[in-house]
Amino acid sequence: MNSINQEIDKLNGFSGSDKELLKQVRNSQSLILSLVKKELGLVPKGHFQTMWMAMGMATFGIPFGVVFGLTLGNMAFFAIGIPIGMSIGLAIGAGMDKKAQEEGRQLDIEIKA
């Protein structure tokens, strides 16, 4: 709780430009959310979908793309694997988000980039 209060005090005492303030707000928000996740196990809505989308592209998409490219004899088909991996990652993330909501570990906020 002290770390969160320190971040809020830092924001309240900030005296820079609007652009610098926005950057500081994002940094503080990220730090506070990571503390809440680490200490309490709470995550914002869509957290796992966002995380697993990228992991799905890397973990599933690239290998599927290589398989398609090698099987069809043209590595241009490598790009087909990326959306497949993204879809798999989104499905896994959605399931994890639903589980977190059912367990009461999901915050009623959604972080947009």
Do Q106 and L42 touch side chain to side chain, with heavy atoms closer than 4.5 Å?
no

Here the gap from N27 atom CG to L22 atom CG, rounded to the nearest 0.5 Å, amounts to 9.5 Å

At what distance, to the nearest 0.5 angstrom, does NZ of K99 lie from CE of M96?
7.5 Å

All N/O donor-acceptor pairs, side-chain side in residues 50-74, below 3.5 Å, sequence neighbours left out:
unit_1: T50; atom_1: OG1; unit_2: G46; atom_2: O; d: 3.0
unit_1: T59; atom_1: OG1; unit_2: M55; atom_2: O; d: 2.8
unit_1: T71; atom_1: OG1; unit_2: V67; atom_2: O; d: 2.6
unit_1: N74; atom_1: OD1; unit_2: A76; atom_2: N; d: 3.0

L40-V43 co-clustered via ILVMFWY side chain contacts under 4.5 Å:
no

Hydrophobic cluster membership, I111 vs I4, 4.5 Å side-chain cutoff
yes

Applying salt bridge (Lys or Arg N to Asp or Glu O under 4.0 Å) as the test, list every pair that has at least one member in residues 71-98; sequence neighbours left out.
none

Would you mind listing every salt bridge (Lys or Arg N to Asp or Glu O under 4.0 Å) that reaches into residues 40-61, with sequence neighbours excluded?
K45-D108

Tell me which donor-acceptor pairs under 3.5 Å the side chains of residues 5-15 have, and how far apart each pair is, sequence neighbours excluded?
unit_1: N5; atom_1: ND2; unit_2: M1; atom_2: O; d: 3.4
unit_1: E7; atom_1: OE1; unit_2: S28; atom_2: OG; d: 2.7
unit_1: E7; atom_1: OE2; unit_2: K10; atom_2: NZ; d: 3.2
unit_1: N12; atom_1: ND2; unit_2: I8; atom_2: O; d: 3.4

Can you name the residues that form a salt bridge (charged side-chain N to carboxylate O under 4.0 Å, His left out) with E102, not counting sequence neighbours?
none

Assess whether side-chain contact (heavy atoms from CB on, under 4.5 Å) is satisfied between I109 and L33, documenting all intermediate values.
CA-CA 11 Å; I109 59 169; L33 286 173; 4.0 Å; yes

So, the side chain of E39 versus the backbone of V36: is there a donor-acceptor pair under 3.5 Å, distance only?
no

What side-chain donor-acceptor pairs closer than 3.5 Å can you find for residues 78-93, not counting sequence neighbours?
unit_1: S87; atom_1: OG; unit_2: P83; atom_2: O; d: 2.9

